[in-house]
Structure formats: structure tokens, C-alpha cells
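The next block holds one structure in the form of C-alpha cells; read it before the comments.
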Amino acid sequence: MHSDYRPSDPTTVSARNFTALWAGAAVTNLADGVVKLTLPLVAVSMTDSPALVAGTTLANTLPWLLFSLPAGALADRVDRRHLMMTMTAARALVLAVLVGAIVVDILPLAGLYAGALLLGSAEAFADTTRMSVVPMVVPRNRMESAFAKLTATETAANEFIGPPLGGLLAAAGLAVALGAGGAGYAGALLALAVMAGRYRSNSHPRPATNAPSLRTDIREGIQYVWQEKILRTLLLGAGAASGCWAAWTAVIVVYAVAPGPMDLSRSEYGLMIGALGLGGVVGASAAPALTRRLGRRVVLAASMASFTVLLAAPAITSSPRLIAVTTVLGGAGSGAWNVTYSALRALVVPDEMMGRYSGVSRLTSWGSMPLGALLASVTAELISVRAVFLGGATLCALVLAATLRTVTSPEFRRMEARATASHDPAPAQPHRS
């Protein structure tokens, strides 16, 4: 992107801004881990119906299906940092309302769904925008390392530290757990406020009188993705995997927490989910080295295979130890996939398209989650919870086979070489207000 301001030491400013973005992501994801574990537990305290419990996951993930494309288009039009700050503040406010309703015992199940929906809506806008900010503060030659740091931290906070912490806090009180999440969002807001400059994409500024509609911007983003075979294939695969992941998430609490087959307490359930984060940290940290040694195609395929194992395990066993091991393995695959794919995206997608591409990416990979949660709730109610796990593992195995047939290593190399030739190697600098 072009900038009307160049700081005297752009490297220092860029490093400081990435550190602030990194810290904000860490605290946000810690809060996410606590909140997303607590919401189903609140539902379990209200009903024993698997379908109604899964409704919290459906409500929380539905915004990715509804708002990913508008969020991406909006991120290419406004100051991206300001958009993230607004949505982070909104999440803290929603949690404050939920906590108050729980304390005075007036929160109905429909109110819980409404809160989950609002939290998911704010998350859709904030997270889609964050991914388009990273290339604005990180040089191209450090992109993979930056995404490894960011993904490892997000995974550790969201899945390794957040869930066990959420389980402990929930044992003290569900309002306590949600209140801690709200405090986390407030902390993230402070971290984002430290970032210097403004973050509006203007690689191709358009006169206000000729500015296209939001619908036109969205259509351009979809067309861009569809024309890139590798990105299109990976997005479709990620979408299928995310739907299966949401199905697993929607019903695993019923399967794991007593009186479910695994017979775990709330805190033990938090530790089990934390195993996912442990694997995610390992996978994200190792991804750059694995990509250099094995290539992107091998790393992405191995990631999908490990995730398939995660989904299959509860279908064949209720052993907490075995499921914990496969959860670590699946988390490692998820972390490696996120780093490898995010770095590829940052390398090949131009800045003026980054927000819209992120929106299409989130629609595909996250928008499938409410569909997976809905299907899981129906399947669990009509057949069994184990049928959800078996169906997800089967679908992921089929996606893995299709991806291996469609995407080849030479195509990856050609795509990266083309992107390198067309991009300025200098790091993009944010505007200063």
C-alpha cells in the first residue's frame, strides 16, 4: 500500500504495531477460549437436550455465514484498526449484559442464544479485519514467522489456556467465567489503542463520486478467489473441515461431561479441550520449518489427516486418555494448517483485495460452522452423538483425497513465484493520523 507518511524509523514502528496487534490477539483469544467453553455450559445448566445445547454453537457461528463477506468488504473501505476496536468493545458490552442477567437469574435460553449471536457477529467483523492488518505491519520476508507467532499465540490462548481457565472459572460460577471474558475484551481494546497510525487500504484509491457499491466490492472478492485454483480448493477443503469441527464442538460437551460416556467434570472437560490448544501451539510453531523442509502441500495434507483422526476418535472410544491424545494431534494439524495457509494468502493476495479475500475465506471456512452445528444437533437427536463424529471423519477423509488429487507442489511454487514477481518486497507502512 502507498502511504502519505513515513516514520523516521519504519522498522521500529512496524515492530511496535505488530507487537500491539499480537498482544491484542492474545488477550482476545484468551477471552474467546473462556467464553466459548462457558456458553455451552450455561446451556447445559438450562436443558439436557443435545439439540438445544448445540443451539449455542449454532447461534455463535451463524454470523460467519451471514456477515463474512460484508465484513471483508468493509475492511477494505474503513480504518481496519478502528473497526477491530469497535467490535471488541461491543463484545465486552454484550458479556456485561449476559453476566447481569445470570446474576439476577433472568436469563432465558433464547437470551443466551441472542448473546451468542451478537458475540459471533462482532467476532466475524473483528477477526476478518485482523487478518488483513498483518501484511500492513510485517515485511514480506517475515510473513511466515509473523503468522506462526500469531497463530501459536491465538491457539495457546483460545484452546490451551482459555478452556481450562474457563472450566475452573465456571466451577466457581458461570457469571464469573463470562465476566472474566468481558475483562479480557477490555484488555484487548487497550492493546489495539497502542497501535500508531491509521490502517486504511488505499493501494488503488477511488474517487468518492465513482465509488462502487458494497455489493460490487463483494462480487470482486468472490471472483478473485474463484479464479485462483489453489486458493479455491484450499478454501473449500477448509470449509468442509470447519463444518465438521463445529459439529464436533456442538456435541462433544454432551458426550464428555457427566453423565455423558466420558463422565468428565467441568474442569476436566476444560483440560481436555485444552489439549487441542497444546497441539495447536506445537503445530503452529513447527509449521515454518516443516514447510521449508517438506513443502506446503505435504504440510497441509498431513494437517487434514490429523484432523480426521481427531474427529474419528470419539466415534470408536470413550476413553479420556485416547481422546486427549487424538485431540492434541488434531490441534497440531489445525495449527500447522492455519500458519501455512495464512502465510500463503498474505504472500499472494494484493493489499487492496486483502479484506475482501479474508471475508470470502471466513465465509467458506467459518460460515460452514453453523451448518455443521445444525446438522450435528439433528443427527445427535435422531441417531446418536457418535454418528456425528463418524460422519465428520468420513467427510474429512474424502476432502483430503480430493485435495491431494487437485493441488500439486509445482502449482504452489508457480503461484508463489508469480506473486513474488508482482509485489514490492518492501514492508507496507501504516498511515499516521
Side-chain angles (χ1 to χ4, degrees), residues 131 134-135 138 140-156 158-160 225 228-242 244-245 275-312 325-349 357-358 361-362 364-366 392-393 395-420:
M131 301 309 294
V134 176
V138 177
R140 287 176 55 78
N141 62 347
R142 298 179 185 175
M143 199 75 70
E144 196 131 24
S145 173
F147 274 110
K149 292 177 181 177
L150 197 61
T151 301
T153 302
E154 290 177 348
T155 302
N158 199 325
E159 300 171 2
F160 182 47
V225 174
E228 292 285 354
K229 176 185 175 182
I230 291 179
L231 295 179
R232 182 179 74 238
T233 301
L234 293 178
L235 277 181
L236 292 175
S242 293
C244 295
W245 158 248
L276 188 73
L278 173 62
V281 172
V282 173
S285 301
L290 291 175
T291 299
R292 289 192 297 269
R293 181 177 294 272
L294 303 175
R296 294 189 193 277
R297 181 175 182 267
V298 173
V299 173
L300 291 171
S303 299
M304 182 68 75
S306 64
F307 195 66
T308 302
V309 173
L310 161 72
L311 295 168
V325 170
T326 58
T327 301
V328 172
L329 182 64
S334 178
W337 174 285
N338 287 337
V339 170
T340 305
Y341 173 72
S342 296
L344 175 67
R345 171 178 61 190
L347 288 171
V348 304
V349 179
Y357 180 82
S358 296
S361 174
R362 294 287 180 167
T364 307
S365 59
W366 290 68
L395 178 57
C396 277
L398 293 174
V399 168
L400 173 60
T403 301
L404 288 174
R405 290 192 59 178
T406 304
V407 180
T408 64
S409 294
E411 287 177 314
F412 271 116
R413 290 191 289 269
R414 284 194 295 270
M415 184 182 195
E416 293 182 46
R418 185 170 69 249
T420 300

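These numbers come from a predicted model, not from an experiment.
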Do Leu234 and Leu300 come within less than 4.5 Å of each other through their side chains, counting heavy atoms only? yes
Tell me every residue that passes side chain to side chain contact (heavy atoms under 4.5 Å, CB included) with Ala393, counting only those two or more places apart in sequence or in another chain. Thr308, Leu311, Ala312
Looking only at non-hydrogen atoms, find the nearest pair between Met304 and Leu400 and report the distance. CG-CB, 3.7 Å
What's the shortest heavy-atom distance between Cys396 and Ala241, and which atoms? SG-CA, 4.0 Å
Is there side-chain contact between Val299 and Ser303, with heavy atoms separated by less than 4.5 Å? yes
Nearest non-hydrogen partners of Ala301 and Leu404, listed with the distance: CB-CD2, 3.5 Å
The side-chain hydrogen bond (donor to acceptor under 3.5 Å, both in side chains) partners of Thr233 (sequence neighbours excluded) come to none
For the student: nearest non-hydrogen atoms of Gly237 and Val399, plus distance: CA-CG1, 3.6 Å
Which atoms form the tightest heavy-atom contact between Thr364 and Leu235, and what is the distance? CG2-O, 2.9 Å
List the atom pairs, with distances to 0.1 Å, where a side-chain N or O of residues 329-341 and a protein N or O form a donor-acceptor pair under 3.5 Å, not counting sequence neighbours.
from   : atom 1 : to     : atom 2 : distance (Å)
Asn338 : ND2    : Ser334 : O      : 3.3
Thr340 : OG1    : Ala336 : O      : 2.8
Tyr341 : OH     : Tyr357 : OH     : 2.5

